[in-house]
Participant: 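So that we are looking at the same thing, I have put the structure below in structure tokens.
What you see is a predicted model; the values in this text were computed from it and never measured. Just so it is clear: chains get the letters A, B, ... in the order the sequence lines come, proteins before strands, and each one is counted from 1. When reading the values below, keep in mind they use all heavy atoms of this one structure, side chains included, and skip hydrogens, waters and symmetry mates.
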2 protein chains.
Amino acid sequence: MTSLPSILGGLDPTSDRAVFRQIADQLREAIDRGRFKEGEKLPSEAELVEHYGVSRMTVRNSFSILQGEGLVHAEHGRGVFVRPRPPVRRLASDRFARRHREQGKSAFIVEADAVGSHPTVDSLEVKEEKASQDISTRLGSVRRVLARRRRYLLDGRPVEFATSYLPLDIARGTQIAEPNPGPGGIYARLEELGHQLDHFEEEIRARMPSPSEVKTLQLASGVPVIHLIRTAFDTAGRAVEVCDTVMAADAYVLSYQLPAT
Amino acid sequence: MTSLPSILGGLDPTSDRAVFRQIADQLREAIDRGRFKEGEKLPSEAELVEHYGVSRMTVRNSFSILQGEGLVHAEHGRGVFVRPRPPVRRLASDRFARRHREQGKSAFIVEADAVGSHPTVDSLEVKEEKASQDISTRLGSVRRVLARRRRYLLDGRPVEFATSYLPLDIARGTQIAEPNPGPGGIYARLEELGHQLDHFEEEIRARMPSPSEVKTLQLASGVPVIHLIRTAFDTAGRAVEVCDTVMAADAYVLSYQLPAT
DNA sequence: CTTGCCCACTCGTCTATACGAGTATGCATG
DNA sequence: CATGCATACTCGTATAGACGAGTGGGCAAG
């Protein structure tokens with residue numbers, strides 16, 4: 001085992017940089033340089049207290065900085081560990097192409113299988129409800145909507161929580177209102193119902209999660225979410241679905257292809 | 001002025017939820033309900049110590065949670081304030097359409113003017129350098145590249161930091177290697193040089209900023225960044241430019257349009 | 001050998017105190 | 001009236017100590 005002083009330097013008492021920041025800097029640098037590897041345990045609070053000759057709260061303060069940056073995570077009773085970068089799911093911009101839809105399987109399942117992950121869907125909920133102001137606007141002033149909520153997991157880890165909203169006059173009484181929408185998902189059903197899809201619009205934001213999002217996505221601290229709102233338009237120019245998706249940002253890379261013309 | 005007890009409740013000593021979390025919960029809820037409005041000052045640490053009958057560190061702990069969530073920010077000597085949501089810039093997916101390019105003005109300037117903001121560009125740097133592994137791969141195994149770095153500001157606030165990388169055999173000695181690339185930007189120059197643009201690929205990630213990004217973007221704590229990597233392809237299928245962009249997530253909404261076919 | 005308990009070590013929460021430094025306000029001085 | 005300083009209030013940093021609770025290893029009892 002390598003001794004602490006060989007990895008972490010000393011403090012600069014002349015510096016005006018706060019001690020706990022100096023410690024955080026040294027730990028961050030050590031992690032970046034690979035002196036501490038992914039999943040590896042950092043020195044315990046007590047060891048750092050010893051090494052730097054500071055109080056425990058100061059060390060904890062340093063850790064809390066690194067936690068906020070998403071670099072490390074603490075486990076009660078075990079230690080503080082370098083946060084491993086989880087496998088990332090790439091979302092290609094053609095993921096809703098009709099040819100995929102015609103294959104029958106849902107987009108999520110297909111992709112997950114492709115990378116060898118075990119996909120799951122839970123927290124299914126399908127119900128009619130009052131449309132929020134925003135959803136109503138996007139769907140063209142509808143009052144009530146059919147909401148389809150579900151959570152996606154990859155190898156048991158929740159990565160995405162999505163809600164689809166559809167106007168009642170389209171969805172009510174159809175298979176879209178059933179828990180299982182059938183092969184190809186609701187987009188396939190929409191087209192069968194005569195709503196030939198023309199294009200999608202996606203809006204992307206990134207922000208820190210709310211406490212409830214932390215819970216449903218089991219997010220580590222320092223992990224933002226990607227908030228994606230997709231609106232599907234049929235060839236008549238009508239918005240036929242709005243899908244509101246919140247994704248664990250450390251589990252996704254979104255990919256888009258744009259024409260240059 | 002409304003008294004504290006009418007806005008914030010008391011603690012539940014029977015709850016197993018940590019005191020500092022309970023306080024954070026109450027403050028968060030008060031903010032969500034609009035009891036504290038944007039930009040408004042929250043009760044001072046001393047007042048909350050008084051109100052809840054806890055020690056100051058406990059109150060500070062609560063604040064640090066809310067800071068991590070990006071809900072509030074502290075100003076030394078003044079107080080803790082509800083973080084105002086800054087105006088947001090929308091990036092449409094057609095922002096690189098040729099018709100815009102032919103107008104002459106850079107995309108950033110045009111858009112900013114449209115929303116009445118005052119746009120600025122600084123930290124201009126243009127130089128040749130060794131390509132990183134990632135950039136080299138994306139550009140098709142080039143060794144050295146021309147790098148164009150710049151920072152964009154809106155009404156004086158830095159919102160985006162971007163670096164364009166171009167293969168030397170394309171860019172060297174052209175106006176692309178000049179600080180000012182001329183009307184329509186480097187994409188217009190590329191097309192003049194015979195590299196007719198075909199399409200772009202954009203990769204999007206969200207994560208917490210590094211310390212250096214916090215500095216150059218002057219990010220408040222609890223604000224993630226959107227990391228966008230765009231590759232431009234010409235009609236010959238060659239990658240002619242890679243643009244690496246880091247954006248303050250609270251200043252942007254990205255918008256894409258996807259065909260359904 | 002297995003079971004179960006103890007103990008050492010870990011992080012989590014909270015208190016109490018001290019001093020430093022930035023901000024704003026009002027009052028005294030010129 | 002204007003300037004400048006004193007002062008009170010704000011958050012920032014750091015110390016020292018206490019107890020709680022989760023984890024894991026070792027040891028003793030069965």
Participant: In whole Å, I'd like the distance from the NE2 atom of H76(A) to the P atom of dA8(C).
Facilitator: 17 Å
Participant: Rounded to whole angstrom units, what separation is found between the CZ atom of F20(B) and the C1' atom of dG20(D)?
Facilitator: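 Going from CZ in F20(B) over to C1' in dG20(D) covers 14 Å.
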Participant: Starting at CE of M57(B) and ending at P of dA18(D), how long is that distance when rounded to a whole Å?
Facilitator: 18 Å
Participant: When you check the phosphate oxygens OP1 and OP2 of dG24(D), does a side-chain N or O of R78(A) lie under 4.0 Å from one of them?
Facilitator: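 Affirmative; the distance criterion is met.
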Participant: Taking only the side-chain nitrogens and oxygens of S44(B), find out if one of them lies under 4.0 Å from OP1 or OP2 of dT10(D).
Facilitator: yes
Participant: Does dT13(C) have OP1 or OP2 under 4.0 Å away from a side-chain N or O of R21(B)?
Facilitator: yes
Participant: For S164(B) and R230(B), does a side-chain donor sit closer than 3.5 Å to a side-chain acceptor?
Facilitator: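 Per modelled atom types, S164(B) and R230(B) side chains form no pair under 3.5 Å.
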Participant: Step through the shown structure and confirm whether more than 12 heavy atoms of other residues, nucleotides or ligands are within 6.0 Å of NZ on K41(A).
Facilitator: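 More than 12 within 6.0 Å, yes.
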Participant: Any sub-3.5 Å donor-acceptor pair from Q22(B)'s side-chain atoms to D12(B)'s backbone N or O?
Facilitator: yes
Participant: What is the ring orientation for H73(A) with F81(A), classed by angle as parallel under 30°, tilted 30 to 60°, or perpendicular over 60°?
Facilitator: tilted
Participant: Nearest whole Å is fine: how far is dA16(D) P from E45(A) CD?
Facilitator: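 Atom-to-atom, E45(A) to dA16(D), this comes out as 16 Å.
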Participant: Please report the distance, rounded to the nearest Å, between CZ in R56(A) and P in dC9(C).
Facilitator: 14 Å
Participant: Take the protein atom NZ of K41(B) and the nucleotide atom P of dC9(D), then report the distance between them rounded to whole Å.
Facilitator: 12 Å
Participant: Starting at atom CG of N61(B), determine the distance to atom P of dC11(C), rounded to an integer number of angstrom.
Facilitator: 16 Å
Participant: Just call it for F63(A): base, sugar-phosphate, or nothing, with non-hydrogen atoms closer than 4.0 Å on any strand.
Facilitator: nothing
Participant: Report yes if a side-chain nitrogen or oxygen of R60(B) is closer than 4.0 Å to either non-bridging phosphate oxygen (OP1 or OP2) of dC14(C); otherwise report no.
Facilitator: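 Checking dC14(C) against R60(B), no side-chain N or O comes under 4.0 Å of OP1 or OP2.
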Participant: dT15(D), OP1 or OP2 - any side-chain N/O from T58(A) closer than 4.0 Å?
Facilitator: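 Yes, within the criterion.
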Participant: Output the rounded distance in Å from CD (E50(B)) to P (dA16(C)).
Facilitator: 13 Å
Participant: What I'd like to find out is whether the side chain of M57(A) reaches to under 4.5 Å of the side chain of N61(A), using heavy atoms alone.
Facilitator: no
